Chemist: 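This is the structure I have questions about; it appears just below.
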Amino acid sequence: MPTPADRLRRLLPSGLTGLAGAACAACCVLPALLAAGVLGGAGWAAVNHSLPGVAVALAVLAGLSWWWASTRRHATGCAGGNCSCKQGDQQDREVLPLRSDA
C-alpha cells in the first residue's frame, strides 16, 4: 500500500502543472472576458498585473516538485526499503565450485 509521501510525490507535480496551465489559460482568456464585459477595468488591472507571475511561479514549482519526486524515488535501491539484501553482501559470500559427477 502506498504511503502518503508516495502519493504526494505522484500527485504534486501533476497538480501543480495543471494549476500552471490553468493560470496560463486564464491569461489568454482575460482579454476576451474584458471585451465581453464580464470583467471590469479594475478587476482586469489587478488580475493582469499578478497572473503571469503566478503562472510562472506555478510552472517553476511544478518542475521542482517533479525533480524532487524523481530523485527521491530513484535514490533508494530497494522499493520502500523492504529488500533483504545489503550493500556488500555479494562480496562477503563464499564461492563454492560446481560439483561435477561425470
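What you are looking at is a predicted structure, and each value in this text was computed from that prediction instead of being measured.
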Chemist: List, one per line, each side-chain donor-acceptor pair under 3.5 Å for residues 27-41, sequence neighbours excluded.
Modeler:
none

Chemist: Please tell me whether Leu64 and Val54 are part of a single hydrophobic cluster in this structure, the criterion being side-chain heavy atoms less than 4.5 Å apart.
Modeler: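 Cluster IDs for Leu64 and Val54 differ.
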Chemist: Transitively linked via ILVMFWY side-chain contacts under 4.5 Å: Trp67 with Val56?
Modeler: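 Unlinked, Trp67 and Val56 end up in two clusters.
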Chemist: Mind checking what makes side chain to side chain contact (heavy atoms under 4.5 Å, CB included) contact with Leu12, not counting sequence neighbours?
Modeler: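 If we apply the side chain to side chain contact (heavy atoms under 4.5 Å, CB included) test to Leu12, skipping adjacent residues, the hits are Leu8, Leu16, Ser65.
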Chemist: Who pairs with Ala59 by side chain to side chain contact (heavy atoms under 4.5 Å, CB included), at least two apart in sequence or on another chain?
Modeler: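 Ala59 satisfies side chain to side chain contact (heavy atoms under 4.5 Å, CB included) with Ala20 only.
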